[in-house]
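Notes follow the structure.
As the structure is a prediction and not an experimental result, all values here were calculated from the model.
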Amino acid sequence: MPTLDKANELRAQARGLRERLETYLGQHPDFTLRKMILSGSLAKGTALRSLNDIDVACYISGADAPKDTGRLLEYLAERLRKAYPNFKPEQVKPQTYSVTVSFQGSGLDVDVVPILYDGDPDWYGNLVSQDDGSFLRTSIPRHLEFAKRRKQLQPSDFVQVVRLVKFWARRMKTEVPGFRFKSFMIEMILAKLCDEGRDFSNYPEALQHFFTYAAQSGLREQIAFQDYYPASLIGAFSEPMQIIDPVNEKNNVAKLYGRAQVDAIVEAALEAGDAIDAALAAPTKQETVRYWQKVFGSSFQA
């Protein structure tokens, strides 16, 4: 997980981008880039140590903004170059679903994701989805507010358990062919458990809460929240796993996961839960470490 100094450095560079844009907006009120917001795991405090880039959402207004993803990214890149004239053209590059701004010296890349914005007071707009490039209605400030509420329920412990489960999932991705488990889905499952009053202060027990829920439910029950909409508005979904976006009742975050992928997550959760049980019951430190390594890999040391 990133050190405090590294996380602060990353946030500072993203903040510098945003402040430059705000200064430019003050001088050019008709400019179509309206707002930049740090988003993703760094904004929520759940980033892992290997982080070398960060996500920033950029709200774009104006009738002339292209609705085609490829053209929209070129449009965004052109305007970022205008707002940041000190950057060389090659430091601002359109990618598949975002525009990467590269900082020379630090080697940090900031991925700027466009959101088409029509003036909504809660900052709803159409985000270019990193899954498939489609447009997805969202509100970055509301997502951050949602995460902040769960962090306030269990200060430090909620984000730490999210990081631990993300670390486990990342290891699974390297060891199990085709394994997928999006970080945002992990956050939503843990938010559900947090809302139900599960205590995360004991990390082995908190991990068992997560793995036991995945194993017992088979991840077949719908997970949804009512922070921003009533349950009656939730759409009808047919996918095997249903984790409903807390700020968009029509979006199933797990819509791209088939039965085989869901079953692979459940099987991995079962094995991780068994390993933790064995670790907690092991008679020696050596055995305890060996079982924890089944969860977190050979680099784990007690």
Side-chain angles (χ1 to χ4, degrees), residues 14-15 17-44 53-84 87 89 91-102 109-147 182-184 188 227-229 233-235 237 243-256:
R15 187 167 58 248
L17 268 185
R18 190 189 71 231
E19 288 171 353
R20 276 206 234 176
L21 179 66
E22 288 171 352
T23 300
Y24 191 88
L25 286 174
Q27 299 166 349
H28 304 80
D30 58 338
F31 197 57
T32 55
L33 304 190
R34 304 310 313 157
K35 188 181 186 74
M36 272 189 173
I37 307 175
L38 179 64
S39 60
S41 60
L42 190 65
K44 298 172 187 173
D53 57 19
I54 57 179
D55 297 323
V56 170
C58 185
Y59 282 81
I60 302 172
S61 65
D64 63 331
K67 304 302 185 283
D68 167 79
T69 303
R71 289 173 53 234
L72 176 62
L73 292 170
E74 290 288 350
Y75 178 96
L76 173 58
E78 287 175 15
R79 277 146 189 82
L80 287 172
R81 292 183 187 120
K82 284 184 181 178
Y84 309 113
F87 281 78
Q91 286 179 262
V92 183
K93 288 185 179 179
Q95 307 296 335
T96 308
Y97 302 132
S98 63
V99 175
T100 299
V101 178
S102 300
D109 288 342
V110 174
D111 288 328
V112 183
V113 181
I115 298 179
L116 290 173
Y117 177 64
D118 58 8
D120 184 273
D122 293 315
W123 290 96
Y124 274 91
N126 286 316
L127 167 81
V128 175
S129 169
Q130 300 283 44
D131 284 335
D132 56 9
S134 62
F135 284 106
L136 175 67
R137 190 153 182 81
T138 195
S139 166
I140 302 301
R142 281 193 164 181
H143 268 299
L144 297 178
E145 184 181 63
F146 176 92
K182 193 189 300 183
S183 294
F184 185 60
M188 292 304 99
D227 294 50
Y228 301 110
Y229 52 77
L233 291 183
I234 295 173
F237 302 96
I243 301 177
I244 313 307
D245 188 333
V247 308
N248 179 352
E249 68 277 11
K250 295 181 174 60
N251 176 37
N252 175 15
V253 179
K255 64 186 175 184
L256 299 180

| note | Between the CG atom in D118 and the OH atom in Y59, the distance rounded to the nearest 0.5 Å is 10.5 Å

| said: When you measure from the side chain of N252 to the backbone of I243, do you find a donor-acceptor pair of N or O atoms at a distance under 3.5 Å? | reply: yes

| query | What heavy-atom pair brings I244 and V253 nearest, and what distance separates the two atoms? | reply | C-CG2, 4.4 Å

| Taking the inter-plane angle between the rings of F184 and H143 on a 0 to 90° scale, is it parallel (under 30°), tilted (30 to 60°) or perpendicular (over 60°)? | perpendicular

| said: Minimum heavy-atom separation for F135 and V128, please, with both atom names. | reply: CE2-CG2, 3.6 Å

| Do the side chain of R81 and the main chain of V92 share a donor and acceptor less than 3.5 angstrom apart? | yes

Let me check something: any side-chain donor-acceptor pairs from residues 19-31 under 3.5 Å, sequence neighbours excluded? List them with distances.
| unit_1 | atom_1 | unit_2 | atom_2 | d |
| --- | --- | --- | --- | --- |
| T23 | OG1 | E19 | O | 3.0 |
| H28 | ND1 | Y24 | O | 3.1 |

| Check: G133 main-chain N/O paired with T69 side-chain donor or acceptor under 3.5 Å | yes

| message | Using only atom types and a distance under 3.5 Å, with no angle test, would you say the side chain of K67 pairs donor to acceptor with the backbone of A65? | response | yes

| said: Run T138 and N251 through side chain to side chain contact (heavy atoms under 4.5 Å, CB included) and show every step you take. | reply: CA-CA 9 Å; T138 195; N251 176 37; over 6 Å; no

| request: Rounded to the nearest 0.5 Å, what's the gap from CG on N248 to OH on Y228? Could you check? | output: 13.0 Å

| request: Report the C-alpha distance between I115 and I37 in whole Å, list the side-chain angles of each, state the deciding distance to 0.1 Å, and finish with yes or no for side chain to side chain contact (heavy atoms under 4.5 Å, CB included). | output: CA-CA 11 Å; I115 298 179; I37 307 175; over 6 Å; no

| message | To the nearest 0.5 Å, what is the distance between CH2 on W123 and OG on S139? | response | 10.0 Å

| request: Hey, could you give me the CD/CG distance between Q91 and D109, rounded to the nearest 0.5 Å? | output: 10.0 Å

| note | Nearest heavy-atom approach of R18 to M36 is CD-O, 3.0 Å

| message | Can you give me the closest heavy-atom contact between L73 and Q95, atom names plus distance? | response | CD1-O, 3.4 Å

| field | Partner residues of D120 under the side-chain hydrogen bond (donor to acceptor under 3.5 Å, both in side chains) criterion, sequence neighbours left out | value | none

| field | Heavy-atom side-chain contact between K93 and S102 under 4.5 Å | value | no

| field | From CA spacing to verdict: side chain to side chain contact (heavy atoms under 4.5 Å, CB included), D122, R142 | value | CA-CA 8 Å; D122 293 315; R142 281 193 164 181; 3.2 Å; yes

| Where do V101 and F87 come nearest, in terms of heavy atoms and distance? | CG1-CE2, 3.6 Å

| said: As an exercise, state the distance from CD1 of I140 to SG of C58, rounded to the nearest 0.5 Å. | reply: 11.5 Å

| What distance separates S129 OG from L256 CG, expressed to the nearest 0.5 Å? | 7.5 Å

| request: Without swapping roles, check the side chain of D132 against the backbone of S134 for a donor-acceptor pair under 3.5 Å. | output: yes

| query | What residues, two or more places apart in sequence or in another chain, satisfy ring pair (Phe, Tyr, Trp, His ring centres under 6.0 Å) together with F146? | reply | F225

| note | Nearest heavy-atom approach of Y97 to V113 is O-CG1, 4.3 Å

